[in-house]
Amino acid sequence: MADIKSKCKIEPNEYLLKTILGGSRSISESEACVSQFILYNGYFGRGGCCGVERCRNFSVTHEVRESMTGLLRDLILEAIAELVDESADRNPLILVLDADVQMLPWENLPVLRKWEVYRMPSLASVITTLGKSLLEEPIDVCGVPFPSIDPSDAYYVLNPSGDLSTTQVEFEEWFREKKWEGKAGNAPTAEELVSALQNHDLFVYFGHGNGSQYITGNEIQKLNRCSATLLMGCSSGSLQLKGSYAPRGAPLSYLFAGSPAVIANLWDVTDKDINRFSKVILNTWLREESNPQTCRTACHSSTNRSNVNTRRKATRSKKLQENAPVTVTKCEKCRKEMRVTSFMSQARDACKLPLLIGAAPVCYGVPTVIKRKDS
């Protein structure tokens, strides 16, 4: 506002300016929006952003067009760019949703679509899962406290019913190239699935529904350990409401068994579009996993400094030195590209119907890091 007053010699409307800057994170054509905002003297078209079609009833003279200052436009766009950069660095968001609203795709609100969003049934479940992770996962060079998975250690169930030939052709050879274990074209036994969920980091299911016809939710909940899961069947992430009881569904069974993250669909999807989504999400996971050193150099020096400071403070005993918490300044790579939902936005956009099929997949669980076991 100070720049606009001093450089453009006009008195800006504070509330309209806040509206523009606040909404810039939620629209893709912010530059056109700002230009039309200036052009139409701050009028926002009814029903959405101030598009040309919505504002045709406003007569704009040649003099007004000529007088629209490029400096004012540049100042606003510069402020928008700074806000967008800040929003890209936001921490993951965990939604604890009421039974009456959990079926809605909140992750696809424009303001959340590029954010890392997870779902959990309760705050207690979040605390329990992260607490367990802190006990099991050593703090690594990047100081990450979240559970982690190695996507190269995967087990797949592909077209178990035998009637999804397109999906099988799309993925079978690719999975074999990755040297994943699994079954394609025929149904696995419950014992095979129990073993797969307990002994692998990632379980991938491409079939009808949520796979409960091959292993029940009760059998899953009995497990002591459960891998992260990708359930790409129709309505695999849908929770059922039964009277006044809490919602139930396959994703919750996996979470109760200890799975750190479950990506599943809220409603029915088409096979070709959900294949596009899955291909992008798996490719990005494997690419990230195959480059574990990309962020290590940037973090290493700050980690060493933090370790030195920690040792100096913990002088009472050797045990305190060993167990003292390490505070690490994480690099941009660690914050943005290390977790399972970091690539959900790109995967949604890969669908031909990004706001229908692309909006169906959501992630239940907590922020889960992608890294190699030997790193």
Side-chain angles (χ1 to χ4, degrees), residues 102 118-121 125 128-129 132 147 149-165 167-168 170-172 175-176 178 180-242 245-269 271 274-275 277-278 281-282 285 340 360-366 368:
Q102 52 79 26
Y118 301 80
R119 295 179 173 215
M120 284 293 273
S125 64
T128 301
T129 304
K132 182 180 178 182
I149 63 167
D150 181 354
S152 63
D153 177 21
Y155 186 95
Y156 65 88
V157 174
L158 180 62
N159 186 25
S161 59
D163 57 354
L164 296 173
S165 56
T167 300
Q168 185 170 346
E170 181 80 20
F171 289 100
E172 185 174 14
F175 289 168
R176 288 178 178 173
K178 301 298 180 184
W180 286 4
E181 297 180 31
K183 304 197 73 172
N186 53 74
T189 65
E191 290 76 17
E192 287 176 318
L193 294 181
V194 166
S195 176
L197 290 170
Q198 288 184 317
N199 299 314
H200 293 272
D201 274 15
L202 178 63
F203 174 70
V204 179
Y205 173 78
F206 285 94
H208 294 296
N210 54 32
S212 59
Q213 61 270 45
Y214 308 109
I215 182 170
T216 66
N218 289 333
E219 290 177 287
I220 294 172
Q221 292 180 37
K222 294 177 183 178
L223 302 179
N224 295 322
R225 179 190 181 276
C226 187
S227 60
T229 306
L230 190 68
L231 300 176
M232 289 292 96
C234 289
S235 301
S236 54
S238 175
L239 303 183
Q240 293 79 43
L241 295 173
K242 296 185 178 180
Y245 294 98
R248 302 187 66 180
L252 300 185
S253 296
Y254 285 95
L255 293 181
F256 295 159
S259 176
V262 181
I263 295 180
N265 299 312
L266 289 179
W267 52 76
D268 290 357
V269 293
D271 57 348
I274 206 63
N275 289 349
F277 172 91
S278 305
I281 204 79
L282 290 173
W285 286 357
V340 296
V362 297
C363 184
Y364 294 86
V366 297
T368 303

Might you work through the side chain to side chain contact (heavy atoms under 4.5 Å, CB included) test for Val362 and Leu266, ending with a clear yes or no? CA-CA 7 Å; Val362 297; Leu266 289 179; 3.8 Å; yes
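The nearest pair of heavy atoms linking Ser236 to Gly209 is CB-O, 3.7 Å. Closest approach of Gln221 and Ala257 over heavy atoms only: CA-CB, 4.3 Å. When every heavy atom of Ala264 is checked against every heavy atom of Pro251, the shortest pair comes out as CB-CG, 4.5 Å. Here the closest non-hydrogen pair linking Asn265 and Gly233 is ND2-O, 3.0 Å. Residues Val340 and Ile281 come closest through the heavy atom pair O-CD1, 4.0 Å. Between Pro247 and Leu241, the shortest heavy-atom contact is CG-CD2, 3.4 Å.
Residues His208 and Leu164 meet the side-chain proximity criterion, which asks for heavy atoms closer than 4.5 Å. Within the 4.5 Å cutoff, the side chain of Pro361 has no heavy atoms near those of the Val269 side chain. By the 4.5 Å heavy-atom criterion applied to side chains, Thr129 and Met120 are counted as neighbours. Two residues are said to be in side-chain contact when any heavy atoms from C-beta on lie closer than 4.5 Å; His200 and Asp153 meet this criterion. Here the side chains of Ile149 and Thr368 are in contact, with some heavy-atom distance below 4.5 Å. In this structure, Tyr205 and Thr229 have side chains that are not in contact, with every pair of non-hydrogen atoms separated by 4.5 Å or more. Between Ser235 and Asp268, some side-chain heavy-atom pair lies under the 4.5 Å cut-off. You'll find the side chain of Leu282 reaches within 4.5 Å of the side chain of Phe175, heavy atoms only.
Not counting sequence neighbours, Tyr214 has no partner by the ring-ring contact (aromatic ring centres under 6.0 Å, His included) test. The ring-ring contact (aromatic ring centres under 6.0 Å, His included) check on Tyr118 picks up nothing, with sequence neighbours excluded. Among residues two or more places apart in sequence or in another chain, the ring-ring contact (aromatic ring centres under 6.0 Å, His included) test is passed with Phe277 by none.
For the residue pair Asp163 / Ser161, a side-chain donor-acceptor distance below 3.5 Å is found, with atom types taken as modelled.
To the nearest 0.5 angstrom, Phe206 atom CZ is 11.0 Å from Asp271 atom CG. Taking OG from Ser212 and CD1 from Ile220, the interatomic distance works out to 8.0 Å, rounded to the nearest 0.5 Å. Atoms OG and CG, from Ser227 and Leu202 in turn, are 6.5 Å apart once rounded to the nearest 0.5 Å. To the nearest 0.5 Å, atoms OG (Ser253) and NZ (Lys222) are separated by 12.0 Å. Separation of atoms CG (Asn275) and CD (Glu170) is listed at 5.5 Å; rounding is to 0.5 Å. One finds the OH atom of Tyr156 at 13.5 Å from the NZ atom of Lys178 (value rounded to the nearest 0.5 Å).
The aromatic rings of Tyr254 and Phe203 sit parallel to each other, their planes meeting at less than 30°, with 60° as the upper class boundary.
Between the side chain of Arg248 and the main chain of Lys242, no donor-acceptor pair closer than 3.5 Å is present. Side-chain atoms of Ser278 come within 3.5 Å of backbone N or O of Ile274 as a donor-acceptor pair.
The neighbour count for Arg225 CZ, taken as heavy atoms of other residues, nucleotides or ligands under 6.0 Å away, is above 12.
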